[in-house]
Amino acid sequence: MSRRVTLGASTGSPPTAAWRARARSSGWLYFKAHPIPGSERFTPGDGLVPVADTPYGRIADVICYDADFPALMRTRADIMLVPSHDWREYGAAHTEKASLRAIEGGYSLIRQDVEGVSAAYDGEGHVLAATDYFTTERQIRQITVAYVPVHGVTTVYDRIGDTFAWLCLAGVLALIVTALARPN
C-alpha cells in the first residue's frame with residue numbers, strides 16, 4: 001500500500017483544499033469557511049472540518065483565516081494542515097499565531113504559506129521547521145521539510161474549551177460589582 005498523501009490547495013474563489021490518499025478512494029474537498037472581511041467575497045463553506053484516518057494518523061484541514069477561529073480548530077486530529085496565502089506584512093505573525101492552535105489542539109500543525117512564512121509545529125508549539133518565502137533565494141519556490149509527531153494528545157482545552165476564560169471573566173465582573181456596591 002502506498003503511504004503517499006496528496007494535498008492540493010487553490011487560492012481561487014472560493015479557496016478550496018482537496019485531499020486524496022493514493023491506493024485509497026477516500027478524500028475530501030473543503031471550502032474555506034471564513035472569508036477575510038473586506039477582502040474575499042464568496043459564499044463560505046459549511047465549516048465542517050474534514051478529518052481522515054491515514055497511515056500517518058488522523059489528518060484534518062482548514063484554510064488560512066479559518067485557523068483564527070478556535071471553535072473550528074477544536075478537532076480531534078493528529079496532524080492539522082493549514083494551507084494559506086498571506087501578504088508580506090502579516091504573514092509571519094499569522095503563522096506564529098497558528099502555533100497556539102497546535103498547543104490548544106494537542107496536534108502537529110503544518111501551515112504552508114504560498115507567499116509568506118511556512119512552519120511546522122508540534123503539539124507543544126515548538127517550531128520543527130520554517131521557511132520564509134521573502135528570504136528564499138529568487139522567491140520562486142520554497143520547500144519545507146519537517147518530521148512531525150503523528151499522534152496527537154488530548155488537552156485541557158479539548159475538554160473544557162473556553163470555560164476557564166469565561167469563569168475568569170465572571171470572577172472579574174463579580175469583583176467589579178462587589179467594589180461598586182460597597183458603601184464608601
Side-chain angles (χ1 to χ4, degrees), residues 5-19 28-51 59-75 77-149 152 155 157-158 161-162 164-166 168-169:
V5 175
T6 304
L7 173 72
S10 165
T11 56
S13 185
T16 57
W19 173 89
W28 69 63
L29 184 61
Y30 173 77
F31 293 93
K32 187 174 182 179
H34 296 283
I36 298 171
S39 176
E40 295 176 315
R41 300 184 197 320
F42 58 84
T43 303
D46 58 17
L48 298 175
V49 177
V51 180
I59 296 179
D61 168 51
V62 300
I63 298 174
C64 196
Y65 187 54
D66 289 346
D68 290 2
F69 295 85
L72 188 65
M73 298 294 286
R74 198 171 302 135
T75 301
D78 298 308
I79 301 172
M80 177 65 75
L81 304 174
V82 186
S84 306
H85 192 166
D86 284 323
W87 54 96
R88 185 176 197 152
E89 294 76 18
Y90 187 59
H94 207 196
T95 297
E96 289 170 8
K97 190 165 63 167
S99 68
L100 296 174
R101 301 296 170 246
I103 295 166
E104 291 168 350
Y107 43 65
S108 297
L109 186 142
I110 302 167
R111 188 173 192 280
Q112 174 273 326
D113 196 333
V114 174
E115 290 183 339
V117 177
S118 298
Y121 300 97
D122 66 13
E124 294 179 350
H126 299 120
V127 177
L128 303 176
T131 55
D132 184 343
Y133 170 82
F134 297 106
T135 60
T136 302
E137 187 176 326
R138 296 183 12 214
Q139 297 181 358
I140 295 175
R141 292 188 185 253
Q142 61 180 351
I143 296 174
T144 307
V145 177
Y147 293 94
V148 299
T155 66
Y157 190 74
D158 279 338
D162 294 329
F164 180 72
W166 286 112
C168 288
L169 181 61

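Heavy-atom basis, side chains included; hydrogens, waters and symmetry copies ignored.
- For the side chain to side chain donor-acceptor pair (under 3.5 Å) test, residues two or more places apart in sequence or in another chain that qualify with T144 are T131.
- Shortest non-hydrogen contact noted between A33 and P44 is O-CB, 3.1 Å.
- With T135 contributing its side chain and Y133 its backbone, the two residues share no donor-acceptor pair below 3.5 Å.
- Considering every non-hydrogen atom in both D78 and Y107, the closest pair reads O-CB, 3.3 Å.
- Within the 4.5 Å cutoff, the side chain of E115 has no heavy atoms near those of the R88 side chain.
- Residues passing the side chain to side chain donor-acceptor pair (under 3.5 Å) test with H94 are D68, D86, R111, sequence neighbours excluded.
- A heavy-atom distance below 4.5 Å is found between the side chains of P83 and D61.
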Notebook entry, point to check: For V49 and L72, what are the C-alpha separation, side-chain angles and deciding distance, and is it a side-chain contact (heavy atoms from CB on, under 4.5 Å)?
Noted result: CA-CA 7 Å; V49 177; L72 188 65; 3.5 Å; yes
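- Contact between A120 and V148 at its shortest, heavy atoms only, is CB-CG1, 4.0 Å.
- In this structure, Y90 and K97 approach most closely via the heavy-atom pair OH-NZ, 3.3 Å.
- The neighbour count for F164 CZ, taken as heavy atoms of other residues, nucleotides or ligands under 6.0 Å away, does not exceed 12.
- What you find for A60 and V51 is that their closest heavy atoms are CB-CG2, 3.9 Å.
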Intermediate values then yes/no, side-chain contact (heavy atoms from CB on, under 4.5 Å), R101 and M80: CA-CA 9 Å; R101 301 296 170 246; M80 177 65 75; over 6 Å; no
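- Taking D66 as the reference, Y30 meet the side chain to side chain donor-acceptor pair (under 3.5 Å) condition, with sequence neighbours excluded.
- Among residues at least two apart or in separate chains, there is no salt bridge (Lys or Arg N to Asp or Glu O under 4.0 Å) pair with a member in residues 121-133.
- For Y157, the side chain to side chain donor-acceptor pair (under 3.5 Å) partners at least two apart in sequence or on another chain are R74, D162.
- To the nearest 0.5 Å, atom CD of residue E104 and atom CG of residue D158 are 9.5 Å apart.
- Checked by atom type and distance alone, the side chain of S108 pairs as donor or acceptor with a backbone atom of P149 at under 3.5 Å.
- Distance check, rounded to the nearest 0.5 Å: CD1 of I103 to NE2 of H126 gives 8.0 Å.
- Judged as a side-chain contact (heavy atoms from CB on, under 4.5 Å), and not counting sequence neighbours, the contacts of A119 are T95, Y121, A130.
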